[in-house]
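Here is how names work: the chains are called A, B, and so on, in the same order as the sequence lines, proteins then strands, and each is numbered from 1.
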Number of protein chains: 2
Amino acid sequence: MAAKGEQTREHILATAEKLILQRGYSGTSIERIISESGITKGGFFYHFDGKNDLAKHLILRYLEQDAVFFNGLLERARALTEDPLQQLLIFLKLMGEAMTDLPGSHPGCLVASFTYESHQFDAEVRRLNAEGILSWRRIFIEQLTEIIEKYPMKIELPLDNLADMLTSIIEGGIVISRCLDDKNVLPNQILQFRNYIRLLFEDA
Amino acid sequence: MAAKGEQTREHILATAEKLILQRGYSGTSIERIISESGITKGGFFYHFDGKNDLAKHLILRYLEQDAVFFNGLLERARALTEDPLQQLLIFLKLMGEAMTDLPGSHPGCLVASFTYESHQFDAEVRRLNAEGILSWRRIFIEQLTEIIEKYPMKIELPLDNLADMLTSIIEGGIVISRCLDDKNVLPNQILQFRNYIRLLFEDA
DNA sequence: GGAAAGATACCGACCAGTTAGTATTAAATA
DNA sequence: TATTTAATACTAACTGGTCGGTATCTTTCC
């Protein structure tokens, strides 16, 4: 069990992320964060060197959790089949199911949220933000590389574009889901991308 | 030529949109907007009934300009061919070119930006925001409806999901473009969607 | 046609409240 | 008892918004 301080720190981060995804980073005051998480200003500043430092640790935490989520689904897919194409299709189906099982619309992506306020952060937070997108690209390119060794692509196209398309679909699906308050949009979009992958690699 | 007041108002809106896409709505103070647009606080409050009113007029203006843009490309595509599928493919190519011709990365989508700060707005601004996504869906469904009257779909799927995919691609492509500061990502994503449309409707 | 009144388009000082952050002190814990 | 964790009071700057005002233009009236 983590130290008392670690628990408080994690609680602050969880609360801050929730509020920031609702109102944006600038629209979420430290006052609102401490009020909702039940600590005081001194407690906040004991754990964080300021609001930008909070942002930095939020994005680090977010990317770590996302990596765990993506890699967890990939490992499950890999355990179920040896075929790299089927692994990706299973991965996408599992992701769609995970999004369907959310209690409401997806709360949002911190990377996108920070991107839409990019001028409010220092260079390090912006760099970590970009690093997030690049790490997703790398994960997907790895899988796609295994696929094209075994299956020819119906349309020749760069793998980073195709890898980015999954990120696009997720980011865009989140925006539409939240905007329309319709939790089914994101899973449906993921399944669309799955259709595209099938059309690209499977025989008719 | 619009009245002096109309010109000032449009100037405030253009400046506000640029700044809000950089720092978010909450991260953009009225002070920053008036400073950058060269008027005073009183001048601002002469034109707008407050910051939320500014947001309302920003989203109305944004959706109007977007409709003009989308419908302009669609009309051009329709002028070039009678075939609904080719119209969509041309439309997507034209859109990709328009995104390629931007001086830098796409500045951002106001609907997505406002969605990521949704709790900072009143119900009317949120409703207008949702209306934007729905209007895009309607435009694309119209075109897709004409296509499926003539071409069978290789995978049976709801048209609103497919229509939403273009919105997803654009929203997601914008996030990746900005985050990585790479202006080619968005056009490439649009062309990916175009590939998917071809695979769905064209014979192999 | 010129004076008076009204409309338009702002200016800038001021206000109350909120903000991020600091200094000091206190409580909890190992 | 030393360290960790937190509370409290406070500060200076910033925020959204109000209000009394000015300058200019337009309309009305004599």
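Side-chain atoms of Q87(A) and T81(A) form no donor-acceptor pair, as typed in the model, at a separation below 3.5 Å.
For the pair S29(A) and dT19(C), the criterion of a side-chain N or O lying under 4.0 Å from OP1 or OP2 is met. Remark: T8(B) is not in phosphate contact with dA9(C), judged by side-chain N or O atoms under 4.0 Å from OP1 or OP2.
At a cut-off of 3.5 angstrom, the base of dG17(D) holds no donor-acceptor pair with the side chain of K51(B). Residue-to-nucleotide contacts include no donor-acceptor pair under 3.5 Å from the side chain of K41(A) to the base of dA6(D).
Using a 4.0 Å heavy-atom distance criterion, T40(A) is classed as a base contact.
If you take CD of E6(A) and P of dT3(D), they are 19 Å apart, rounded to a whole angstrom. Rounded to whole angstrom, the span from the OH atom of Y46(A) across to the P atom of dT5(D) amounts to 4 Å. As a whole-Å value, the separation of F45(B) CZ from dG16(D) P is 8 Å. To the nearest angstrom, C1' of dA6(D) lies 15 Å from CD of Q7(A). Going from atom CZ of F44(B) over to atom P of dA13(C) covers 19 Å, rounded to whole Å. For the pair I12(A) CD1 and dA6(D) P, the computed distance is 7 Å after rounding to whole Å. Protein atom NE2 of H47(A) is 17 Å distant from nucleotide atom C1' of dG21(C), rounded to whole Å. Spacing between atom CD1 of I20(B) and atom P of dG16(D) amounts to 10 Å, rounded to whole angstrom units.
Listed nucleotides: dC10(C), dG17(D), dT15(D). Nearest to the side chain of I30(B): dG17(D).
Judged by the 6.0 Å distance and 45° axis criteria, K51(A) is not positioned over the aromatic ring of F44(A).
Shown are Q22(B), R178(B), R23(B); of these, the side-chain hydrogen bond (donor to acceptor under 3.5 Å, both in side chains) with S118(A) is made only by R178(B).
Along DNA chain C, the nucleotide nearest R32(A) and the nucleotide nearest G42(A) are compared for position; the residue whose nucleotide lies closer to the 5' end is R32(A).
Contact of the Q143(B) side chain with the R78(B) side chain is registered, since non-hydrogen atoms from C-beta on lie closer than 4.5 Å.
With hydrogens and angles ignored, the 3.5 Å screen pairs no side-chain donor or acceptor of R137(B) with any backbone N or O of D164(B).
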